[in-house]
Amino acid sequence: MTARNLTRFWEWGRKIICVGRNYADHAKELKNAIPTEPVLFLKPPSAYLKEGSPIIVPAYSSNLHHEVELGVVIGKSGRGIPRESAMDHVAGYVLCLDMTARDIQEECKSKGLPWTLAKAFNTSCPVSEFIPKDKIPDPGNVTLWLKVNDQMRQNGSTSQMIFSIPYLINYISDIISLEEGDLILTGTPKGVSGVQEHDEITAGIEGIVTMSFTVDRL
Ligand SMILES: CC(=O)CC(=O)C(=O)O
Ligand SMILES: [Mg+2]
């Protein structure tokens, strides 16, 4: 079998596991309780989007939000991975947007329904180029930022995460086996806000990577 190219992991069709409310300042801005254990949800591989193609606002939403997040790319499969060896399972990182139809999410929350329509639609997971692990020696202390039409909306440090990357890998892999090519979205800092058709979103990990996407409607 030909070896797969991990730098194009988004083509492998693996799962995307998202962590919600992992920054207290974001949980507060949406009036959510600070979690005592990670909040998890999933996106399908069809959510991936690479630079050069637009983010499509779902036809059923009128309040699409950006959430800038650090993504962790799994390089070695495992289940029940101990916290102490969790980083051995990481191949690298990507900058991600967890695009969220906030109006639909609020409706789902009020009805006790899952967030699938709000979080898992096509183009809901724009990602940067793959960043090898050695380019980010301390993923628990990098600055994530996001601008809409050149206006800063989000600017926060991963040092503010409630649950660290090793904690998340241990927690998730006890429930869902992690496979090579899986992606973990680690949650967003405060500043989430709405975007409209024709907006340009630019985001970065300070000193490491930048990416930009336009917003469109079908
Ligand atoms: C309230 C949310 O949408 C949770 C989430 O995705 C986050 O990053 O926090
Ligand atoms: Mg998120």
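Keep in mind that what you see is a predicted model, and the values were worked out from it rather than measured. Start at 1 and go down the list; that is how both ligands and their atoms are numbered.
- In the model, Lys119 has a side-chain atom that pairs as donor or acceptor with a side-chain atom of Thr100 under 3.5 Å.
- Of the N or O atoms in Trp115, none lie within a sub-3.5 Å distance of an N or O in ligand 1.
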Check your understanding: Does the side chain to side chain contact (heavy atoms under 4.5 Å, CB included) test come out yes or no for Ile172 and Leu40, once each step is laid out?
Key -> CA-CA 8 Å; Ile172 294 168; Leu40 302 183; 4.0 Å; yes

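- Between Thr188 and ligand 1, at least one pair of N/O atoms sits closer than 3.5 Å.
- The OE2 atom of Glu69, the Mg ion (ligand 2) and the OE1 atom of Glu67 define an angle of 100° (nearest 10 degrees).
- In terms of protein heavy atoms, atom 9 (O) of ligand 1 is closest to Arg21 N, 2.7 Å.
- The shortest heavy-atom contact between Thr186 and Asn22 is O-ND2, 3.0 Å.
- The atoms of ligand 1 that sit less than 4.0 Å from any heavy atom of Leu30 are 1 (C).
- At least one heavy atom of Glu69 sits closer than 4.0 Å to an atom of ligand 1.
- Contact annotation: the side chain of Trp145 never approaches that of Gln154 to less than 4.5 Å [non-hydrogen atoms, C-beta and beyond].
- Note: an N/O pair closer than 3.5 Å links Gln105 and ligand 1 by distance alone.
- At least one heavy atom of Gly187 sits less than 4.0 Å from an atom of ligand 1.
- Evaluated for a side chain to side chain contact (heavy atoms under 4.5 Å, CB included) with Val215, the options Ile201, Val148, Ile56, Thr123 yield exactly one hit, Ile201.
- In this structure, Glu51 contributes its side chain and Ser212 its backbone to a donor-acceptor pair below 3.5 Å.
- Looking at Asp98, its N, O or S atom nearest to the Mg ion (ligand 2) turns out to be OD2.
- Counting the atoms of ligand 1 from 1 in the order shown, those under 4.0 Å from a heavy atom of Lys119 are 2 (C), 3 (O), 5 (C), 6 (O).
- In terms of protein heavy atoms, atom 4 (C) of ligand 1 is closest to Gly20 CA, 3.6 Å.
- Every atom of ligand 1 is numbered from 1 in the order shown, and the set under 4.0 Å from a heavy atom of Phe41 is 6 (O).
- Taken from CG in Leu64 to CG in Asp103, the straight-line distance is 8.5 Å, to the nearest 0.5 Å.
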Practice item. Please assess His65 against Ser193 for the test side chain to side chain donor-acceptor pair (under 3.5 Å), listing each intermediate value before the final yes or no. Key: CA-CA 5 Å; His65 274 199; Ser193 67; over 6 Å; no

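- Taking distance alone, with nitrogen or oxygen atoms compared against 3.5 Å, Asp98 approaches ligand 1 more closely than that limit.
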Point to revise | Steps toward side chain to side chain donor-acceptor pair (under 3.5 Å) verdict (Ser173, Arg79) | key: CA-CA 5 Å; Ser173 70; Arg79 54 193 290 200; over 6 Å; no

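- Of all non-hydrogen atoms in Ile162 and Pro35, the two that sit nearest each other are CD1-CD, 4.0 Å.
- Scanning all protein heavy atoms for the shortest distance to atom 5 (C) of ligand 1 gives Glu67 OE1, 3.3 Å.
- Heavy-atom proximity to Arg102, at under 4.0 Å, picks out these atoms of ligand 1: 1 (C), 2 (C), 3 (O).
- For the ligand labelled ligand 1, residue Val19 lies inside the 4.0 Å heavy-atom shell.
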